[in-house]
2 protein chains.
Amino acid sequence: MSLPKLLLVEDDPALAELLEFRFKGEGYDVTVTDDGDEALILVAEILPDLIILDWMIEGTSGIEVCRRLRRNKETANIPIVMLTARGAEDDKIRGLETGADDYLTKPFSPRELLARVAAVLRRVRPALAGESISVGDLVLDPTAHRVERRGQRLSLGPTEYRLLKFLMEHPGRVFSRNQLLDAVWGNGSEIEERTVDVHIRRLRKGIELTGTNDPIRTVRSAGYSLEPA
Amino acid sequence: MSLPKLLLVEDDPALAELLEFRFKGEGYDVTVTDDGDEALILVAEILPDLIILDWMIEGTSGIEVCRRLRRNKETANIPIVMLTARGAEDDKIRGLETGADDYLTKPFSPRELLARVAAVLRRVRPALAGESISVGDLVLDPTAHRVERRGQRLSLGPTEYRLLKFLMEHPGRVFSRNQLLDAVWGNGSEIEERTVDVHIRRLRKGIELTGTNDPIRTVRSAGYSLEPA
DNA sequence: CACAATTATTGCAGATATGCGACACAATGG
DNA sequence: CCATTGTGTCGCATATCTGCAATAATTGTG
(Lines give C-alpha, C1' and ligand atoms only; values in the text may rest on other atoms or scores of the structure.)
Protein backbone atom coordinates (compact mmCIF):
# COMPACT_ATOMS: atom_id res chain seq x y z
CA MET A 1 0.00 0.00 0.00
CA SER A 2 2.42 2.63 1.18
CA LEU A 3 2.06 6.12 -0.26
CA PRO A 4 -0.37 6.98 -3.03
CA LYS A 5 1.61 7.63 -6.20
CA LEU A 6 0.77 10.75 -8.15
CA LEU A 7 1.91 11.77 -11.59
CA LEU A 8 1.77 15.52 -12.09
CA VAL A 9 1.83 16.68 -15.70
CA GLU A 10 2.17 20.47 -15.68
CA ASP A 11 4.37 22.77 -17.69
CA ASP A 12 4.11 25.91 -15.65
CA PRO A 13 7.25 25.48 -13.53
CA ALA A 14 6.04 27.66 -10.68
CA LEU A 15 2.72 25.86 -10.36
CA ALA A 16 4.34 22.45 -10.75
CA GLU A 17 6.75 23.17 -7.95
CA LEU A 18 4.07 24.50 -5.67
CA LEU A 19 1.82 21.51 -6.20
CA GLU A 20 4.66 19.04 -5.86
CA PHE A 21 5.53 20.61 -2.53
CA ARG A 22 1.96 20.60 -1.27
CA PHE A 23 1.24 17.04 -2.28
CA LYS A 24 4.49 15.72 -0.91
CA GLY A 25 3.64 17.47 2.32
CA GLU A 26 0.37 15.54 2.40
CA GLY A 27 2.20 12.26 2.07
CA TYR A 28 1.96 11.57 -1.63
CA ASP A 29 4.72 10.11 -3.73
CA VAL A 30 4.88 12.66 -6.55
CA THR A 31 6.49 12.42 -9.97
CA VAL A 32 6.50 15.48 -12.21
CA THR A 33 6.84 16.00 -15.93
CA ASP A 34 6.00 18.84 -18.29
CA ASP A 35 5.65 16.83 -21.44
CA GLY A 36 2.75 14.80 -22.75
CA ASP A 37 4.80 12.13 -24.46
CA GLU A 38 7.00 11.70 -21.46
CA ALA A 39 3.88 11.46 -19.33
CA LEU A 40 2.68 8.46 -21.30
CA ILE A 41 6.00 6.70 -20.77
CA LEU A 42 6.06 7.54 -17.08
CA VAL A 43 2.55 6.26 -16.56
CA ALA A 44 3.44 2.87 -17.99
CA GLU A 45 6.55 2.84 -15.86
CA ILE A 46 5.33 3.82 -12.44
CA LEU A 47 1.59 3.05 -12.76
CA PRO A 48 0.52 5.96 -10.57
CA ASP A 49 -2.63 5.82 -8.49
CA LEU A 50 -3.82 9.14 -9.91
CA ILE A 51 -2.77 11.59 -12.62
CA ILE A 52 -3.07 15.35 -12.48
CA LEU A 53 -3.01 16.50 -16.06
CA ASP A 54 -2.74 19.98 -17.47
CA TRP A 55 -4.62 20.51 -20.68
CA MET A 56 -1.97 22.66 -22.32
CA ILE A 57 1.38 20.95 -22.25
CA GLU A 58 4.34 20.25 -24.48
CA GLY A 59 4.18 17.31 -26.83
CA THR A 60 0.95 15.41 -26.91
CA SER A 61 -1.88 17.55 -25.54
CA GLY A 62 -3.52 16.79 -22.24
CA ILE A 63 -6.77 15.68 -23.71
CA GLU A 64 -5.00 13.40 -26.13
CA VAL A 65 -2.97 11.90 -23.28
CA CYS A 66 -6.22 11.29 -21.46
CA ARG A 67 -7.78 9.63 -24.45
CA ARG A 68 -4.81 7.33 -24.98
CA LEU A 69 -4.64 6.33 -21.36
CA ARG A 70 -8.29 5.42 -21.45
CA ARG A 71 -7.82 3.28 -24.50
CA ASN A 72 -5.08 1.20 -22.98
CA LYS A 73 -6.36 -1.57 -20.79
CA GLU A 74 -3.51 -1.26 -18.30
CA THR A 75 -4.15 2.38 -17.65
CA ALA A 76 -7.86 2.69 -18.34
CA ASN A 77 -8.75 2.71 -14.69
CA ILE A 78 -6.27 5.27 -13.42
CA PRO A 79 -8.19 8.33 -12.30
CA ILE A 80 -7.35 11.63 -13.97
CA VAL A 81 -7.88 15.15 -12.71
CA MET A 82 -7.58 17.73 -15.44
CA LEU A 83 -6.36 21.30 -15.02
CA THR A 84 -6.83 24.07 -17.48
CA ALA A 85 -6.54 27.77 -17.96
CA ARG A 86 -9.47 27.70 -20.33
CA GLY A 87 -12.69 28.31 -18.55
CA ALA A 88 -14.87 27.54 -21.51
CA GLU A 89 -17.69 25.28 -20.61
CA ASP A 90 -17.26 23.17 -23.71
CA ASP A 91 -13.76 22.34 -22.63
CA LYS A 92 -14.95 21.17 -19.27
CA ILE A 93 -17.58 18.99 -20.81
CA ARG A 94 -15.13 17.62 -23.32
CA GLY A 95 -12.59 16.89 -20.61
CA LEU A 96 -15.09 15.07 -18.47
CA GLU A 97 -16.48 13.17 -21.41
CA THR A 98 -13.04 12.07 -22.47
CA GLY A 99 -12.75 10.23 -19.23
CA ALA A 100 -11.39 12.70 -16.73
CA ASP A 101 -12.70 12.16 -13.23
CA ASP A 102 -12.58 15.80 -12.26
CA TYR A 103 -11.78 19.10 -13.87
CA LEU A 104 -10.45 22.31 -12.38
CA THR A 105 -10.13 25.70 -13.98
CA LYS A 106 -7.15 27.89 -13.24
CA PRO A 107 -6.76 29.72 -11.09
CA PHE A 108 -7.73 27.27 -8.38
CA SER A 109 -6.67 26.96 -4.81
CA PRO A 110 -4.18 24.20 -4.04
CA ARG A 111 -6.37 23.21 -1.12
CA GLU A 112 -9.29 22.59 -3.39
CA LEU A 113 -7.16 20.44 -5.66
CA LEU A 114 -5.92 18.53 -2.63
CA ALA A 115 -9.47 17.93 -1.49
CA ARG A 116 -10.64 16.86 -4.93
CA VAL A 117 -7.74 14.49 -5.39
CA ALA A 118 -8.49 12.99 -2.00
CA ALA A 119 -12.17 12.64 -2.90
CA VAL A 120 -11.41 10.84 -6.14
CA LEU A 121 -8.90 8.54 -4.46
CA ARG A 122 -11.28 7.81 -1.64
CA ARG A 123 -13.75 6.61 -4.23
CA VAL A 124 -11.37 4.62 -6.37
CA ARG A 125 -8.87 3.21 -3.94
CA PRO A 126 -10.36 3.32 -0.47
CA ALA A 127 -7.35 1.56 0.90
CA LEU A 128 -5.09 4.42 -0.16
CA ALA A 129 -7.25 7.17 1.22
CA GLY A 130 -6.69 6.30 4.82
CA GLU A 131 -9.54 3.84 5.07
CA SER A 132 -7.03 1.20 5.89
CA ILE A 133 -5.33 0.90 9.23
CA SER A 134 -1.60 0.96 9.32
CA VAL A 135 0.58 0.19 12.32
CA GLY A 136 4.31 -0.23 11.97
CA ASP A 137 4.86 -2.38 8.92
CA LEU A 138 1.39 -3.86 9.14
CA VAL A 139 -1.45 -2.69 6.92
CA LEU A 140 -5.01 -3.87 7.30
CA ASP A 141 -7.68 -3.11 4.74
CA PRO A 142 -11.09 -3.84 6.26
CA THR A 143 -13.12 -3.63 3.06
CA ALA A 144 -10.86 -6.05 1.25
CA HIS A 145 -10.45 -8.06 4.43
CA ARG A 146 -6.77 -8.17 3.77
CA VAL A 147 -3.62 -7.87 5.83
CA GLU A 148 -0.16 -7.11 4.57
CA ARG A 149 3.22 -6.87 6.21
CA ARG A 150 6.01 -5.15 4.30
CA GLY A 151 3.86 -5.41 1.24
CA GLN A 152 3.55 -9.13 1.65
CA ARG A 153 0.13 -10.59 1.98
CA LEU A 154 -0.63 -12.57 5.11
CA SER A 155 -3.29 -15.14 5.62
CA LEU A 156 -5.02 -15.19 8.98
CA GLY A 157 -7.93 -17.13 10.34
CA PRO A 158 -11.14 -15.26 11.17
CA THR A 159 -10.44 -14.85 14.86
CA GLU A 160 -6.83 -13.87 14.31
CA TYR A 161 -8.01 -11.29 11.81
CA ARG A 162 -10.49 -9.77 14.22
CA LEU A 163 -7.97 -9.81 17.01
CA LEU A 164 -5.33 -8.08 14.93
CA LYS A 165 -7.84 -5.54 13.68
CA PHE A 166 -8.82 -4.67 17.21
CA LEU A 167 -5.23 -4.34 18.34
CA MET A 168 -4.40 -2.19 15.31
CA GLU A 169 -7.31 0.07 16.10
CA HIS A 170 -5.75 0.78 19.48
CA PRO A 171 -2.02 0.50 18.99
CA GLY A 172 0.18 0.71 22.05
CA ARG A 173 -2.64 0.15 24.45
CA VAL A 174 -2.57 -2.85 26.73
CA PHE A 175 -5.63 -5.07 26.96
CA SER A 176 -6.39 -7.70 29.52
CA ARG A 177 -7.52 -11.08 28.32
CA ASN A 178 -11.03 -10.27 29.44
CA GLN A 179 -11.08 -7.04 27.54
CA LEU A 180 -9.94 -8.86 24.45
CA LEU A 181 -12.60 -11.50 24.94
CA ASP A 182 -15.28 -8.83 25.16
CA ALA A 183 -13.98 -6.88 22.20
CA VAL A 184 -13.08 -9.66 19.83
CA TRP A 185 -15.33 -12.52 20.83
CA GLY A 186 -18.29 -10.41 21.90
CA ASN A 187 -19.62 -9.51 25.30
CA GLY A 188 -20.52 -12.33 27.57
CA SER A 189 -18.58 -14.97 25.77
CA GLU A 190 -18.17 -18.02 27.94
CA ILE A 191 -14.64 -18.61 26.90
CA GLU A 192 -11.64 -19.58 28.99
CA GLU A 193 -9.30 -16.65 29.56
CA ARG A 194 -6.32 -18.75 28.67
CA THR A 195 -7.65 -19.30 25.20
CA VAL A 196 -6.63 -15.76 24.38
CA ASP A 197 -3.03 -16.86 24.77
CA VAL A 198 -3.52 -19.46 22.12
CA HIS A 199 -4.94 -17.00 19.65
CA ILE A 200 -2.22 -14.50 20.40
CA ARG A 201 0.24 -17.20 19.56
CA ARG A 202 -1.58 -18.05 16.35
CA LEU A 203 -1.64 -14.39 15.44
CA ARG A 204 2.07 -14.05 16.13
CA LYS A 205 2.74 -17.00 13.92
CA GLY A 206 0.46 -15.61 11.25
CA ILE A 207 2.19 -12.25 10.97
CA GLU A 208 5.69 -13.65 11.34
CA LEU A 209 8.09 -13.04 8.48
CA THR A 210 11.77 -13.86 8.45
CA GLY A 211 13.73 -10.84 9.56
CA THR A 212 10.91 -9.13 11.41
CA ASN A 213 10.37 -8.58 15.08
CA ASP A 214 7.30 -9.63 16.97
CA PRO A 215 5.22 -6.47 17.32
CA ILE A 216 2.96 -8.01 19.93
CA ARG A 217 4.10 -7.21 23.42
CA THR A 218 3.24 -9.39 26.40
CA VAL A 219 2.69 -7.38 29.56
CA ARG A 220 3.04 -9.75 32.43
CA SER A 221 -0.02 -9.91 34.65
CA ALA A 222 -1.76 -7.28 32.52
CA GLY A 223 -2.32 -8.49 28.99
CA TYR A 224 -1.12 -7.78 25.48
CA SER A 225 -0.55 -4.81 23.26
CA LEU A 226 0.56 -4.04 19.74
CA GLU A 227 3.71 -1.94 19.43
CA PRO A 228 2.86 1.33 17.68
CA ALA A 229 6.11 1.97 15.81
CA MET B 1 -29.94 -2.55 -15.80
CA SER B 2 -32.63 -0.04 -16.26
CA LEU B 3 -32.09 3.62 -15.75
CA PRO B 4 -29.68 5.17 -13.28
CA LYS B 5 -31.70 6.40 -10.33
CA LEU B 6 -31.05 9.93 -9.14
CA LEU B 7 -32.24 11.65 -6.01
CA LEU B 8 -32.29 15.42 -6.36
CA VAL B 9 -32.44 17.37 -3.12
CA GLU B 10 -33.00 21.02 -4.00
CA ASP B 11 -35.32 23.60 -2.53
CA ASP B 12 -35.25 26.21 -5.25
CA PRO B 13 -38.33 25.11 -7.21
CA ALA B 14 -37.21 26.66 -10.48
CA LEU B 15 -33.81 25.02 -10.38
CA ALA B 16 -35.24 21.72 -9.25
CA GLU B 17 -37.66 21.65 -12.11
CA LEU B 18 -35.04 22.60 -14.65
CA LEU B 19 -32.65 19.92 -13.47
CA GLU B 20 -35.32 17.30 -13.24
CA PHE B 21 -36.24 18.00 -16.82
CA ARG B 22 -32.68 17.90 -18.07
CA PHE B 23 -31.78 14.72 -16.27
CA LYS B 24 -34.94 12.94 -17.32
CA GLY B 25 -34.13 13.97 -20.85
CA GLU B 26 -30.77 12.24 -20.50
CA GLY B 27 -32.41 9.05 -19.44
CA TYR B 28 -32.22 9.22 -15.68
CA ASP B 29 -34.90 8.12 -13.29
CA VAL B 30 -35.21 11.22 -11.10
CA THR B 31 -36.83 11.67 -7.71
CA VAL B 32 -37.02 15.16 -6.23
CA THR B 33 -37.40 16.48 -2.71
CA ASP B 34 -36.74 19.82 -1.06
CA ASP B 35 -36.30 18.60 2.47
CA GLY B 36 -33.30 17.09 4.17
CA ASP B 37 -35.21 14.77 6.47
CA GLU B 38 -37.36 13.53 3.65
CA ALA B 39 -34.22 12.98 1.61
CA LEU B 40 -32.88 10.57 4.21
CA ILE B 41 -36.09 8.58 4.11
CA LEU B 42 -36.17 8.53 0.33
CA VAL B 43 -32.60 7.36 0.11
CA ALA B 44 -33.33 4.36 2.26
CA GLU B 45 -36.40 3.64 0.23
CA ILE B 46 -35.23 3.89 -3.34
CA LEU B 47 -31.48 3.44 -2.88
CA PRO B 48 -30.54 5.84 -5.68
CA ASP B 49 -27.38 5.41 -7.69
CA LEU B 50 -26.38 9.01 -7.08
CA ILE B 51 -27.56 11.96 -5.00
CA ILE B 52 -27.47 15.61 -5.97
CA LEU B 53 -27.59 17.54 -2.76
CA ASP B 54 -28.06 21.22 -2.18
CA TRP B 55 -26.22 22.57 0.82
CA MET B 56 -29.02 24.89 1.94
CA ILE B 57 -32.26 23.03 2.28
CA GLU B 58 -35.20 22.66 4.60
CA GLY B 59 -34.90 20.39 7.57
CA THR B 60 -31.55 18.73 8.06
CA SER B 61 -28.83 20.66 6.22
CA GLY B 62 -27.14 19.23 3.19
CA ILE B 63 -23.84 18.64 4.83
CA GLU B 64 -25.50 16.90 7.71
CA VAL B 65 -27.44 14.69 5.32
CA CYS B 66 -24.15 13.84 3.64
CA ARG B 67 -22.53 12.99 6.94
CA ARG B 68 -25.36 10.74 7.98
CA LEU B 69 -25.46 8.93 4.70
CA ARG B 70 -21.76 8.26 4.97
CA ARG B 71 -22.13 6.89 8.46
CA ASN B 72 -24.74 4.37 7.47
CA LYS B 73 -23.23 1.27 5.98
CA GLU B 74 -26.08 0.79 3.54
CA THR B 75 -25.70 4.21 2.02
CA ALA B 76 -22.03 4.94 2.61
CA ASN B 77 -21.10 4.22 -0.96
CA ILE B 78 -23.75 6.19 -2.79
CA PRO B 79 -21.99 9.01 -4.61
CA ILE B 80 -22.99 12.54 -3.72
CA VAL B 81 -22.64 15.70 -5.75
CA MET B 82 -23.09 18.83 -3.66
CA LEU B 83 -24.49 22.12 -4.86
CA THR B 84 -24.16 25.41 -3.09
CA ALA B 85 -24.62 29.10 -3.46
CA ARG B 86 -21.71 29.68 -1.17
CA GLY B 87 -18.49 30.04 -3.05
CA ALA B 88 -16.27 30.04 -0.02
CA GLU B 89 -13.32 27.75 -0.41
CA ASP B 90 -13.68 26.40 3.10
CA ASP B 91 -17.16 25.19 2.26
CA LYS B 92 -15.91 23.34 -0.77
CA ILE B 93 -13.18 21.68 1.22
CA ARG B 94 -15.57 20.83 3.98
CA GLY B 95 -18.05 19.36 1.54
CA LEU B 96 -15.46 17.21 -0.14
CA GLU B 97 -13.99 16.10 3.14
CA THR B 98 -17.39 15.12 4.45
CA GLY B 99 -17.56 12.60 1.70
CA ALA B 100 -19.03 14.39 -1.28
CA ASP B 101 -17.66 13.15 -4.60
CA ASP B 102 -17.97 16.45 -6.36
CA TYR B 103 -18.95 19.98 -5.56
CA LEU B 104 -20.44 22.72 -7.72
CA THR B 105 -20.95 26.36 -6.91
CA LYS B 106 -24.03 28.17 -8.08
CA PRO B 107 -24.51 29.45 -10.62
CA PHE B 108 -23.40 26.52 -12.70
CA SER B 109 -24.41 25.36 -16.11
CA PRO B 110 -26.74 22.38 -16.21
CA ARG B 111 -24.51 20.86 -18.84
CA GLU B 112 -21.57 20.92 -16.49
CA LEU B 113 -23.59 19.25 -13.78
CA LEU B 114 -24.72 16.64 -16.29
CA ALA B 115 -21.14 15.99 -17.29
CA ARG B 116 -19.93 15.78 -13.71
CA VAL B 117 -22.71 13.44 -12.70
CA ALA B 118 -21.87 11.26 -15.66
CA ALA B 119 -18.18 11.31 -14.73
CA VAL B 120 -18.87 10.27 -11.15
CA LEU B 121 -21.24 7.54 -12.25
CA ARG B 122 -18.80 6.30 -14.85
CA ARG B 123 -16.24 5.92 -12.12
CA VAL B 124 -18.48 4.35 -9.53
CA ARG B 125 -20.87 2.30 -11.61
CA PRO B 126 -19.41 1.96 -15.08
CA ALA B 127 -22.13 -0.46 -16.02
CA LEU B 128 -24.82 2.17 -15.49
CA ALA B 129 -23.06 4.51 -17.82
CA GLY B 130 -22.99 1.77 -20.42
CA GLU B 131 -19.23 1.46 -20.20
CA SER B 132 -17.55 -1.86 -20.13
CA ILE B 133 -15.83 -2.85 -16.94
CA SER B 134 -12.55 -4.60 -16.89
CA VAL B 135 -10.98 -6.33 -13.94
CA GLY B 136 -7.87 -8.39 -14.37
CA ASP B 137 -8.30 -10.34 -17.58
CA LEU B 138 -12.07 -10.13 -17.42
CA VAL B 139 -14.05 -7.70 -19.52
CA LEU B 140 -17.76 -7.16 -19.13
CA ASP B 141 -19.72 -5.16 -21.65
CA PRO B 142 -23.11 -4.32 -20.13
CA THR B 143 -24.70 -3.00 -23.29
CA ALA B 144 -23.87 -6.15 -25.22
CA HIS B 145 -24.47 -8.29 -22.14
CA ARG B 146 -21.25 -10.05 -22.88
CA VAL B 147 -18.29 -11.26 -20.87
CA GLU B 148 -14.85 -12.06 -22.14
CA ARG B 149 -11.74 -13.46 -20.56
CA ARG B 150 -8.47 -13.04 -22.41
CA GLY B 151 -10.47 -12.12 -25.43
CA GLN B 152 -12.40 -15.34 -25.25
CA ARG B 153 -16.11 -15.12 -24.92
CA LEU B 154 -17.71 -16.76 -21.92
CA SER B 155 -21.23 -17.93 -21.55
CA LEU B 156 -22.85 -17.35 -18.19
CA GLY B 157 -26.36 -17.84 -16.91
CA PRO B 158 -28.37 -14.75 -15.98
CA THR B 159 -27.67 -14.96 -12.28
CA GLU B 160 -23.99 -15.66 -12.79
CA TYR B 161 -23.80 -12.66 -15.08
CA ARG B 162 -25.39 -10.34 -12.55
CA LEU B 163 -23.22 -11.73 -9.81
CA LEU B 164 -20.05 -11.22 -11.80
CA LYS B 165 -21.12 -7.75 -12.81
CA PHE B 166 -21.67 -6.78 -9.22
CA LEU B 167 -18.34 -8.18 -8.15
CA MET B 168 -16.60 -6.43 -11.02
CA GLU B 169 -18.17 -3.15 -10.01
CA HIS B 170 -16.46 -3.43 -6.64
CA PRO B 171 -13.27 -5.33 -7.23
CA GLY B 172 -11.27 -6.37 -4.21
CA ARG B 173 -14.08 -5.78 -1.80
CA VAL B 174 -15.43 -8.59 0.28
CA PHE B 175 -19.17 -9.17 0.39
CA SER B 176 -21.08 -11.37 2.75
CA ARG B 177 -23.57 -13.80 1.35
CA ASN B 178 -26.38 -11.57 2.56
CA GLN B 179 -24.94 -8.52 0.89
CA LEU B 180 -24.70 -10.45 -2.34
CA LEU B 181 -28.27 -11.63 -1.97
CA ASP B 182 -29.44 -8.06 -1.54
CA ALA B 183 -27.35 -6.72 -4.36
CA VAL B 184 -27.79 -9.45 -6.92
CA TRP B 185 -31.12 -11.02 -6.08
CA GLY B 186 -32.81 -7.86 -4.84
CA ASN B 187 -33.66 -6.62 -1.39
CA GLY B 188 -35.61 -8.90 0.85
CA SER B 189 -35.17 -12.02 -1.18
CA GLU B 190 -36.19 -15.06 0.78
CA ILE B 191 -33.34 -17.13 -0.42
CA GLU B 192 -31.12 -19.51 1.52
CA GLU B 193 -27.73 -18.00 2.24
CA ARG B 194 -25.94 -21.10 1.10
CA THR B 195 -27.43 -20.72 -2.35
CA VAL B 196 -24.88 -18.01 -2.93
CA ASP B 197 -22.16 -20.63 -2.66
CA VAL B 198 -23.74 -22.60 -5.42
CA HIS B 199 -23.85 -19.65 -7.75
CA ILE B 200 -20.30 -18.71 -6.87
CA ARG B 201 -19.31 -22.19 -7.89
CA ARG B 202 -21.25 -21.92 -11.12
CA LEU B 203 -19.64 -18.58 -11.79
CA ARG B 204 -16.20 -19.99 -11.11
CA LYS B 205 -16.89 -22.78 -13.50
CA GLY B 206 -18.21 -20.34 -16.05
CA ILE B 207 -15.13 -18.13 -16.10
CA GLU B 208 -12.65 -20.95 -15.88
CA LEU B 209 -10.19 -21.30 -18.72
CA THR B 210 -7.27 -23.67 -18.85
CA GLY B 211 -4.17 -21.93 -17.57
CA THR B 212 -5.98 -19.25 -15.59
CA ASN B 213 -6.28 -18.75 -11.89
CA ASP B 214 -9.53 -18.45 -10.06
CA PRO B 215 -9.98 -14.71 -9.48
CA ILE B 216 -12.75 -15.23 -6.94
CA ARG B 217 -11.44 -15.26 -3.43
CA THR B 218 -13.26 -17.03 -0.64
CA VAL B 219 -12.89 -15.25 2.67
CA ARG B 220 -13.82 -17.73 5.30
CA SER B 221 -16.54 -16.51 7.63
CA ALA B 222 -16.83 -13.29 5.67
CA GLY B 223 -17.82 -13.87 2.09
CA TYR B 224 -16.37 -13.57 -1.39
CA SER B 225 -14.47 -11.03 -3.40
CA LEU B 226 -13.10 -10.62 -6.87
CA GLU B 227 -9.36 -10.11 -7.03
CA PRO B 228 -8.42 -6.86 -8.73
CA ALA B 229 -5.50 -6.72 -11.20
C1' DC C 1 18.67 -20.42 44.16
C1' DA C 2 14.15 -22.28 44.90
C1' DC C 3 9.55 -21.36 44.40
C1' DA C 4 5.27 -19.56 42.75
C1' DA C 5 2.94 -17.24 39.29
C1' DT C 6 2.40 -16.37 34.69
C1' DT C 7 2.81 -17.21 29.88
C1' DA C 8 4.18 -20.13 25.61
C1' DT C 9 3.62 -24.18 22.97
C1' DT C 10 1.52 -28.25 21.36
C1' DG C 11 -1.76 -31.82 20.13
C1' DC C 12 -6.32 -32.95 19.66
C1' DA C 13 -11.30 -33.63 19.26
C1' DG C 14 -15.33 -31.31 18.31
C1' DA C 15 -17.36 -27.54 15.77
C1' DT C 16 -17.90 -24.74 11.49
C1' DA C 17 -17.56 -23.31 6.97
C1' DT C 18 -17.06 -24.27 2.28
C1' DG C 19 -16.92 -27.16 -2.01
C1' DC C 20 -19.25 -30.32 -4.77
C1' DG C 21 -22.55 -33.23 -6.99
C1' DA C 22 -27.30 -34.41 -7.49
C1' DC C 23 -32.07 -33.47 -7.89
C1' DA C 24 -36.69 -31.48 -8.34
C1' DC C 25 -38.87 -28.01 -10.16
C1' DA C 26 -39.52 -23.50 -12.69
C1' DA C 27 -38.82 -20.75 -16.61
C1' DT C 28 -37.94 -20.24 -21.41
C1' DG C 29 -38.14 -20.69 -26.22
C1' DG C 30 -39.15 -23.04 -30.03
C1' DC D 1 -46.24 -29.29 -25.92
C1' DC D 2 -41.57 -30.72 -25.36
C1' DA D 3 -36.71 -29.92 -24.87
C1' DT D 4 -33.53 -27.12 -22.85
C1' DT D 5 -31.67 -24.28 -19.62
C1' DG D 6 -31.68 -22.08 -15.20
C1' DT D 7 -32.62 -22.05 -10.11
C1' DG D 8 -32.85 -23.09 -5.34
C1' DT D 9 -32.03 -26.90 -1.79
C1' DC D 10 -30.04 -30.91 0.18
C1' DG D 11 -26.63 -33.89 1.96
C1' DC D 12 -22.19 -35.34 2.26
C1' DA D 13 -17.05 -34.87 1.90
C1' DT D 14 -13.38 -32.06 3.00
C1' DA D 15 -10.78 -28.37 4.71
C1' DT D 16 -10.13 -25.23 8.21
C1' DC D 17 -10.93 -23.28 12.66
C1' DT D 18 -11.63 -23.29 17.73
C1' DG D 19 -11.35 -23.96 22.41
C1' DC D 20 -9.32 -26.75 25.88
C1' DA D 21 -6.13 -29.05 28.65
C1' DA D 22 -1.64 -30.84 29.48
C1' DT D 23 3.10 -29.68 29.47
C1' DA D 24 7.09 -26.83 28.91
C1' DA D 25 9.22 -22.42 29.38
C1' DT D 26 9.76 -17.97 31.37
C1' DT D 27 9.63 -14.39 34.69
C1' DG D 28 9.58 -12.31 39.16
C1' DT D 29 10.48 -12.63 44.17
C1' DG D 30 12.33 -13.41 48.67
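Sequence lines set the chain letters: A, B, ... in the order given, protein chains first and strands last, and positions in each chain run from 1. Computed from a predicted structure; not experimentally measured.
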Take A:Gly157 and A:Glu190, find for each the nucleotide of DNA chain D with the closest heavy atom, and name the residue whose nucleotide sits nearer the 5' end.
-> A:Gly157

How would you list all residue pairs meeting salt bridge (charged side-chain N to carboxylate O under 4.0 Å, His left out) that involve residues 207-220 of chain B, not counting sequence neighbours?
-> B:Arg204-B:Asp214, B:Arg217-B:Glu227

Within 6.0 angstrom of A:Lys73 NZ, more than 12 heavy atoms from elsewhere | yes

If you write DNA chain C from 5' to 3' in dot-bracket form, with Watson-Crick or G-U pairs under 3.5 Å, [ ] for crossing pairs and | for pairs with another strand, what do you get?
-> ||||||||||||||||||||||||||||||

Residues, nucleotides or ligands: over 12 heavy atoms within 6.0 Å of B:Phe108 CZ = yes

Taken in chain and number order and not counting sequence neighbours, the residues that satisfy ring-ring contact (aromatic ring centres under 6.0 Å, His included) with A:Tyr224 are none

For residues A:Asn187 and A:Ser189, is any side-chain donor paired with an opposing acceptor at under 3.5 Å?
-> no

Contact class for A:Glu193 (heavy atom, under 4.0 Å): base, sugar-phosphate, or nothing?
-> nothing

Whole-Å gap separating P (C:dT7) and CD (A:Glu192) | 14 Å

Heavy atoms of other groups near B:Glu64 CD, more than 12 under 6.0 Å | yes

Do the ring planes of B:Phe23 and B:Tyr28 sit parallel (below 30°), tilted (30 to 60°) or perpendicular (above 60°)?
-> perpendicular

Who passes ring-ring contact (aromatic ring centres under 6.0 Å, His included) against B:His170, sequence neighbours left out?
-> B:Phe166, B:Phe175

Can you check the A:Leu203 CG to C:dT9 C1' distance for me, whole Å?
-> 15 Å

Please report the C-alpha distance between B:Thr143 and B:Asp141 in whole Å, then the side-chain angles of each, then the deciding distance to 0.1 Å, and finally whether the side chain to side chain donor-acceptor pair (under 3.5 Å) criterion is met.
-> CA-CA 6 Å; B:Thr143 57; B:Asp141 178 349; 2.8 Å; yes

Taking atom types as modelled and ignoring hydrogens, do the side chains of A:Thr195 and A:Asp197 form a donor-acceptor contact shorter than 3.5 angstrom?
-> no

In the 5'-to-3' direction, what one-character label does each nucleotide of nucleotides 18-30 of chain C receive under the scheme B = base within less than 4.0 Å of a protein heavy atom, S = sugar-phosphate only, - = no such atom?
-> BBBBB--------

First and last nucleotide of DNA chain D, 5' to 3', lying under 4.0 Å from heavy atoms of chain B | D:dG6 to D:dC17

